[in-house]
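Values below: every heavy atom of this structure, side chains too, minus hydrogens, waters and symmetry copies.
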Amino acid sequence: MTQFDRPLSYPTTHKTEQTDDYHGVTVSDPYRWLEDPESEETQAWVEAQNSVTFGYLSEIPAREKIKQRLTQLWDYEKYGIPFKQGDRYFYYKNDGLQNQSVLYTLPSLDGEPQVLIDPNTLSEDGTVALGGIAISEDGKLMAYGLSTSGSDWQEWKVRDVETGADLSDHLKWLKFSGASWTHDGKGFFYSRYDEPNEKTKHEDVNYYQKLFYHQIGTPQSEDVLIYERPDEKEWGFSGGVTEDGRYLIVSVWQGTETKNLIFYKDLTAPESSVVELINEFESEYSFIDNDGSLFWFQTDLNAPLGRVIAIDINNPPPSSLAGGDSQGKFTEIIPEATETLGGIGLLNNQFVASYLKDAYTQIKIFNLDGSFVREVALPGIGSAGGFGGKRHDTDTFYAYTSFTAPNTIYRYNMVTDESSIYRQPNVEFNPEDYETKQVFYPSKDGTQVPMFITHKKGLKLDGNNPTYLYGYGGFSISLTPSFSVSRVVWLEMGGVYVTACLRGGGEYGESWHQAGTKLKKQNVFDDFISAAEWLIENKYTKPAKLAIAGGSNGGLLVGACMTQRPELFGAALPAVGVLDMLRFHKFTIGWAWTSEYGSAENAAEFPTIYGYSPLHNLKAGTAYPATMITTADRDDRVVPAHSFKFASALQAAHAGEKPVLIRIETKAGHGAGKPTAKIIEELADEWAFLVSELDINL
């Protein structure tokens, strides 16, 4: 029991008689009405739930102290990796507690920086965020996207870099799109959807993306349609201009499947049509660069850990490269390794490849013929990213971080193989007080799964340590070491922080990803449950002291595990989760996730999905862990109805004394662009909730 001696009184959530037939199975959906976020009824429900939640959190004595420590630690300068375009450098910086990072430009690395755009001036509460930028080849113009209240919808504008003045250009209804300039600086390519219904734009499905070219100084209505597929409503398009300016490379995606098509257009011939180079969804292809007609790609074609191949577009391959008839149509440059190839670029006329070895970074350099040159020495076992630039650049930058090392930026010389610190943050904590270890534990089926464990040095393994177990396990996303101020606060409170690298992620390539998808999704939950059991068996913690957390697909993970093994956890924090697995595909971009989860409309897949869907596996009369569900009213990625319905069903089913709350952020979305002030408030609430529910003495 917490320090509260009275049971919580939850708002009454009325039920309807809504039922649906899934392949002969009748499924009730009594809270369907909560799918309309704009209705007065839903808004009243949100207000009532927030009143209970924030009332509860405000009474936790430790909350204010936690918030003060979070704020104190957060207040340090944070630099982004510098990048060069034309004769100028650009970088992001946050002074400490600014709601949004500011974009600066400077003529040379030792020059005087000037503010190019400060999103903090665009709204009083910091809820307008910079969603993306694209600098013209000469560095004189910048296209930039703005997102309001965390929405995936963006509006794009164009700014003169020298004067800081905006031009007349204004583009709307961009979503899941960047911008790529033609080398003459006269315009750029981008992707957009048709104008949505203003009232339901945060819920309606997104189909029929189109690729356009926008010429500077003209209205959006005059933009040139480059490519569309009215026969393929699920196809999306990402257009990028090659470094030599000659080609537009079009990557065609369908949902979140890690398979794509590659088309191209010759920009030296304006009337040329789009050529389909790879037109079957069989593998993932990521364009690296080209040497005339020779195109280099990173691919998992017949190589689940990734490799580099070259294709001569003057001798194009058949539609399918996977078949035996493709021999001679591509050349292998860098073969598949024992580590996972994460990304690759060209610098100093060499390939710079980023690999994952057991979920931490290795950087290797190869010549253009694929011969190995060297491995770049990194500061430790952690995560490194960056190494951007042009093909003949000899200088570049990268960022390095670990669970106890704040993001530090290094300058790297490709010729001398020397790294030097360019920007090092000053955070008020001593990393030497903490340690991180990586262990491998067996999952239910015997699969070895890696896990990072961070805590104060000298930790007693007596089973009494408050432990925060985090996971994701999906969409080929890898969880690698990273630094977070919020974790420092948890560690200072005596907490153990654990990251489990579950199947479904990308840590070990496409085979590892596929082992956690569709009919094999239960593997992910088994991996997470096995992590919890290992931590308990090895005396790090016990169920009453163990919290599980995850966001988005990780919210599904938490929801599934707490419904399958409610007795195993002391607390659960499912954030912006996919919790109604029968209807996720009916909203915004949810249809795209059927390649990951399958679909309830598929008779063969329905039993598996129904069998773990968190919303549908709550059992009345069960004592569930202390739970705080978090979501946001403007989340148009995973619509808040998932969390609304799950919270209602959980409160109705729950028989224990532990609180089951839902915290609904306003003027926020799925997470991207969330202002610092809102992040700190939410983290203070989460840690305070755990301090209370896991009985942590501060």
**Student:** Quick check: are there more than 12 heavy atoms from other residues, nucleotides or ligands sitting under 6.0 Å from NZ of K390?
**Tutor:** yes
**Student:** Look at atom NZ of K78 and say whether more than 12 heavy atoms of other residues, nucleotides or ligands are closer to it than 6.0 Å.
**Tutor:** yes
**Student:** Heavy atoms only: give me the nearest L356-T361 pair and the separation to one decimal.
**Tutor:** CD2-N, 4.2 Å
**Student:** What heavy-atom pair brings I333 and L368 nearest, and what distance separates the two atoms?
**Tutor:** CG2-O, 3.5 Å
**Student:** Would you name the heavy atoms of P675 and D125 that are closest together and state the gap between them?
**Tutor:** CG-O, 3.7 Å
**Student:** Indicate yes or no for a side-chain donor-acceptor contact from N120 to the backbone of Q100 under 3.5 Å, with no hydrogens or angles considered.
**Tutor:** yes
**Student:** Under the salt bridge (Lys or Arg N to Asp or Glu O under 4.0 Å) definition, can you give me all pairs with a residue in residues 82-91, not counting sequence neighbours?
**Tutor:** R88-E162
**Student:** Please report the closest heavy-atom contact between F387 and L347, naming both atoms and the distance.
**Tutor:** O-CD1, 3.4 Å
**Student:** Which of these, Y89, F90, Y104, sits in a side-chain contact (heavy atoms from CB on, under 4.5 Å) with P113?
**Tutor:** Y104
**Student:** Please collect all salt bridge (Lys or Arg N to Asp or Glu O under 4.0 Å) contacts where either partner lies in residues 285-310, sequence neighbours excluded, each pair once.
**Tutor:** D291-R391, R307-E332
**Student:** What pair of heavy atoms forms the shortest contact from Y79 to N407, and how long is it?
**Tutor:** O-ND2, 4.4 Å
**Student:** So, the side chain of K157 versus the backbone of M142: is there a donor-acceptor pair under 3.5 Å, distance only?
**Tutor:** no
**Student:** Angle between ring planes, Y207 versus W591, binned at 30° and 60°: parallel, tilted or perpendicular?
**Tutor:** tilted
**Student:** Where is the tightest heavy-atom contact between V102 and I117, given as atom of each residue plus distance?
**Tutor:** CG1-O, 3.5 Å
**Student:** For residues H214 and Q220, is any side-chain donor paired with an opposing acceptor at under 3.5 Å?
**Tutor:** no
